[in-house]
Amino acid sequence: MLIKEFISETNKKQMISILFKHYGVENVKIKEKPIKRHADFDVDRGTLTLSTRYKTIKPSKIKQFLITIIHEIDHAMDAKKLGWKKFKDEYEWEQNMIAQGHYPGKTDEYWDNKFEIKAEKFGQDNWKKWYDKFKKEGLF
């Protein structure tokens with residue numbers, strides 16, 4: 001069982017490494033800590049935080065794992081394109097505009113944020129090709 005978990009953890013990190021390289025965000029640091037989601041992108045530090053709660057990924061969770069990682073990579077690509085500070089400022093500006101009611105019908109500072117909508121669409125649009133590629137390569 002430990003060998004299988006070790007290989008699964010290794011394969012998970014290999015998938016992330018391949019994705020980072022493909023999308024040109026190799027400079028993003030990775031750290032691990034117990035969070036509820038599979039991953040989270042910290043724009044202040046340029047860091048992708050991986051959850052230690054998911055040492056292995058169950059087959060039923062691979063889709064969500066890939067969507068989440070690709071979603072967070074989209075944030076890293078935006079930060080690289082705009083610059084870390086500008087991305088953070090624009091993201092927070094969008095949150096504040098929603099919170100202050102400047103966008104009719106938008107009430108959730110996170111899910112109604114244009115950066116989150118874009119990143120989620122990017123994850124949803126791209127997970128399947130990576131799922132097929134990683135499955136073919138035997139990574140899960």
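- Applying the salt bridge (Lys or Arg N to Asp or Glu O under 4.0 Å) rule to pairs touching residues 93-116 yields nothing, sequence neighbours excluded.
- Using a cut-off of 4.0 Å between Lys/Arg side-chain N and Asp/Glu carboxylate O, Lys128 and Asp132 are scored as salt-bridged.
- Note: the hydrophobic cluster containing Met97 does not contain Tyr91 (ILVMFWY, side chain heavy atoms under 4.5 Å, direct or indirect links).
- Minimum heavy-atom separation, Ala39 to Ile69: CB-CD1, 3.5 Å.
- Both Leu82 and Met77 are members of a single hydrophobic cluster when ILVMFWY side chains are connected at heavy-atom separations under 4.5 Å.
- Residue pairs meeting the salt bridge (Lys or Arg N to Asp or Glu O under 4.0 Å) criterion with at least one partner in residues 64-75, sequence neighbours excluded, are Arg37-Glu72, Asp74-Lys118.
- A donor-acceptor pair under 3.5 Å is formed between the side chain of Ser51 and the backbone N or O of Ile35.
- Linking ILVMFWY residues whenever their side-chain heavy atoms come closer than 4.5 Å, directly or via other members, leaves Phe115 and Trp93 in distinct clusters.
- Between the side chain of Lys135 and the main chain of Trp130, no donor-acceptor pair closer than 3.5 Å is present.
- No donor-acceptor distance shorter than 3.5 angstrom exists from the side chain of Thr68 to the backbone of Leu66, with no hydrogens or angles considered.
- No continuous path of ILVMFWY side-chain contacts below 4.5 Å connects Phe122 to Ile117, so the two sit in separate hydrophobic clusters.
- The backbone N or O of Leu50 sits nowhere less than 3.5 Å from a side-chain atom of Lys31 that would complete a donor-acceptor pair.
- Following chains of ILVMFWY side-chain contacts shorter than 4.5 Å, one cannot reach Ile98 starting from Phe87, and the two form parts of different hydrophobic clusters.
- Looking at Glu32 and Lys13, a side-chain N of the basic residue comes within less than 4.0 Å of a carboxylate O on the acidic one, giving a salt bridge.
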side-chain contact (heavy atoms from CB on, under 4.5 Å) between Phe140 and Lys12, worked out: CA-CA 9 Å; Phe140 56 84; Lys12 180 174 82 168; over 6 Å; no

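- For Lys85, the NZ atom is loosely surrounded, since the number of other residues' heavy atoms within 6.0 Å does not exceed 12.
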